[in-house]
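Read the structure below first, then the notes.
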Amino acid sequence: MKIPSLNDPEVFELASRAKHPPQIARLLLLIARAYDPKMKLAIGGGIAVRDTGWGRHTDDVDIFARPVSAKRLVKGLAAQGVKTFWITDAHAVAYLDEDNAESLAAGEAPSVRVDILSTVTEPEASAIRTAVAPRVLGVPMKVFRADHLAAIKFLAGRPLDLIDFDEIIRLGADLDRVRYIVASVDESRVAALMARARKALAPSSRGVRDGGEGRYLDRDALQRVWKTLHAAQGAPVRRAS
């Protein structure tokens, strides 16, 4: 099947309806074409975070899969003309040359890509098993539940993962379930989990969320805060660029 262009009506419609960047919309369509409901896999990462309601930017699609399903998905993408290769026996990458021309020319890894992560470990295995229908993804695949997603982000512990954790908790993820999932993997990290969750949920004394280390606002949030602060100061509001 021919790879659609970024101007293809199907790509344009999905990008507009689900508010995906066109390159991500195209990758999601290609994944959906290769997907079989019998496959044991689900979407996690930044795309799943977006589905919880926080419109954070991401350049890649993370798919967690049982080993057999991971291999089937990679073969299905390759059959459509998508470039694929296995980095390790548990991590495959799929991408299109035209989405990554600059990075590939510089000898760098593609940034606009699909990461297919083959796993049998917890909590990812349970996250695959309990995955749910998406709210805004736009294609008929499953995504990680918010509680599993928050737990996985906390356990990963990288700065952007912890930012995602904060936002998922603020959006109402079941904290008792998150605590249970983390405890089932590493009981010693529960106290740190609860401390971070309390901080994320605490109201800010300044009327705007405490920036904290590594915090940032997406474009829509920046516009809202910009207007609020200028209105409070009585200053004319000019659009932030």
Side-chain angles (χ1 to χ4, degrees), residues 18-21 24 27-28 31 40-66 70 90-91 93 111 113-137 141-202 204 209-218 220-221:
K19 295 182 172 57
H20 295 305
I24 293 297
L27 288 176
L28 288 170
I31 294 165
K40 296 179 180 179
L41 56 79
I43 294 177
I47 295 293
V49 173
R50 283 173 53 84
D51 200 70
T52 66
W54 181 39
R56 85 110 144 140
H57 174 77
T58 184
D59 286 326
D60 61 352
V61 181
D62 292 330
I63 298 180
F64 294 79
R66 303 287 287 189
H91 184 177
V93 167
S111 57
R113 65 181 189 270
V114 184
D115 287 300
I116 302 103
L117 306 166
S118 174
T119 183
V120 294
T121 60
E122 296 294 349
E124 290 83 5
S126 292
I128 294 169
R129 187 175 63 252
T130 61
V132 296
R135 296 189 297 175
V136 297
L137 182 64
M141 295 181 65
K142 291 185 177 181
V143 298
F144 283 180
R145 278 183 357 197
D147 52 2
H148 272 97
L149 187 59
I152 289 168
K153 289 290 185 178
F154 177 79
L155 289 167
R158 295 166 298 193
L160 184 55
D161 290 315
L162 293 175
I163 292 169
D164 287 342
F165 168 83
D166 293 346
E167 295 293 343
I168 297 167
I169 293 299
R170 289 183 183 116
L171 286 166
D174 186 334
L175 187 53
D176 286 337
R177 284 287 305 163
V178 177
R179 179 172 56 185
Y180 171 80
I181 294 165
V182 170
S184 68
V185 176
D186 187 348
E187 178 73 35
S188 69
R189 299 185 66 179
V190 170
L193 164 80
M194 297 307 295
R196 186 167 189 103
R198 285 192 293 270
K199 184 176 180 181
L201 293 170
S204 171
R209 287 179 188 163
D210 185 1
E213 184 178 354
R215 292 280 302 130
Y216 63 88
L217 297 177
D218 62 27
D220 290 341

Start with the C-alpha distance between Arg135 and Val143, add both sets of side-chain angles, then the distance that settles side chain to side chain contact (heavy atoms under 4.5 Å, CB included), and finish with yes or no.
CA-CA 9 Å; Arg135 296 189 297 175; Val143 298; over 6 Å; no
Report yes if the side chains of Val93 and Val114 come closer than 4.5 Å at any heavy-atom pair, otherwise no.
no
The reported gap from CD1 in Ile181 to CG in Leu149 (rounded to nearest 0.5 angstrom) is 10.0 Å
Do Ile128 and Thr119 have side chains that get closer than 4.5 Å, going by heavy atoms?
yes
Phe165 six-ring centre to Arg196 NZ/CZ under 6.0 Å and within 45° of normal:
no
For residues Asp147 and Tyr180, determine if any side-chain heavy atom of one lies less than 4.5 Å from a side-chain heavy atom of the other.
no
Nearest heavy-atom neighbours spanning Pro134 and Asp51
CA-OD2, 3.4 Å
d(His20 NE2, Arg50 CZ) to nearest 0.5 Å is 6.0 Å
Ala48 versus Ile43, closest heavy-atom pair with distance:
CB-O, 3.5 Å
Side chains of Leu193 and Arg179: closer than 4.5 Å at any heavy-atom pair?
yes
Nearest-0.5 Å distance that lies between atom NZ in Lys153 and atom CG in Leu162:
9.5 Å
First locate atom CG of Leu201, then atom CG of Asp166, and finally report the distance between them rounded to the nearest 0.5 Å.
9.0 Å
Determine whether Ile47 and Asp62 make a side-chain contact, defined as any pair of heavy atoms from C-beta on separated by less than 4.5 Å.
no
Report the distance from atom CZ of Phe154 to atom CG of Asp186, rounding to the nearest 0.5 Å.
9.0 Å
I'd like to know whether Ile168 forms a side chain to side chain contact (heavy atoms under 4.5 Å, CB included) with Val178, so could you lay out the CA-CA distance, the side-chain angles of the two residues, the decisive distance to 0.1 Å, and finally the verdict.
CA-CA 11 Å; Ile168 297 167; Val178 177; over 6 Å; no
Would you say Pro123 and Leu155 make side-chain contact, with heavy atoms under 4.5 Å?
yes
Distance-minimising heavy-atom pair for Asp60 and Ser111
CB-O, 4.0 Å
Quick one: pull up CE in Met141 and CG in Leu28 and give me the separation to the nearest 0.5 Å.
8.0 Å
Are the side chains of Leu137 and Lys142 in contact, using a 4.5 Å heavy-atom criterion?
no
Can Leu117 and Ile63 be said to form a side chain to side chain contact (heavy atoms under 4.5 Å, CB included), step by step?
CA-CA 6 Å; Leu117 306 166; Ile63 298 180; over 6 Å; no
Can you check whether Arg56 reaches Asp164 side chain to side chain, under 4.5 Å on heavy atoms?
yes
Would you find a donor on one side and an acceptor on the other, under 3.5 Å apart, between the side chain of Arg170 and the backbone of Ala200?
yes
Run the side chain to side chain contact (heavy atoms under 4.5 Å, CB included) test on Ile152 and Phe144 for me, step by step, so that the C-alpha distance in whole Å, both residues' side-chain angles and the decisive distance to 0.1 Å come before the verdict.
CA-CA 10 Å; Ile152 289 168; Phe144 283 180; 3.5 Å; yes
